[in-house]
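This structure is a prediction, so every number in the text was calculated from the model and none was measured. Sequential numbering from 1 along the given sequence is applied to the chain's residues.
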Amino acid sequence: MNIPAKVKEAAQELIAMYGSHLKHLGKSDGADFYMFKFPDDEDTGFPVVYQFENNEVLTLTGFAGLNIARLFVK
């Protein structure tokens, strides 16, 4: 799946540090969700999740990002 340019723009700082490691988590309530996958040897804490809906990006971190990521992990 192609990652929308607006999501890449929102993740640009992380991409510059770690490379382009965005993963599509899935779709819920009309929004697509993407997560930045940090390298395995990085201790980062909470995930960074991007909600893409109506051509707008919302960055979710902390417990909000964790709760969204849990929706898609089986």
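Here the options are I68, N67, L66, V48, the test is side chain to side chain contact (heavy atoms under 4.5 Å, CB included), and the partner is L60; only I68 passes.
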Exercise for review: Go through the steps for F36 and V49 under the test side-chain contact (heavy atoms from CB on, under 4.5 Å), then give the verdict.
Suggested key: CA-CA 7 Å; F36 191 86; V49 175; over 6 Å; no
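Screening residues 35-62 for salt bridge (Lys or Arg N to Asp or Glu O under 4.0 Å), with sequence neighbours left out, gives K37-D40.
Between V7 and D32, every side-chain heavy-atom pair lies at or beyond the 4.5 Å cut-off.
The minimum heavy-atom distance between F38 and L14, with the atom names listed, is CE2-CD2, 3.8 Å. Across every non-hydrogen atom of P47 and A69, the tightest pair is CG-CB, 4.2 Å.
Between F33 and F72, the angle of the ring planes lies from 30° to 60°, which puts this pair in the tilted group. Between F52 and Y34, the ring planes are perpendicular. Angles over 60° get that label, and only those under 30° would be called parallel.
With rounding to the nearest 0.5 Å, the separation of CD1 in I3 from OH in Y50 is 11.0 Å. The line from NZ of K8 to CG of N2 is 7.0 Å long, rounded to the nearest 0.5 Å.
Under the 4.5 Å side-chain heavy-atom criterion for Ile, Leu, Val, Met, Phe, Trp and Tyr, I15 and V57 are members of the same hydrophobic cluster.
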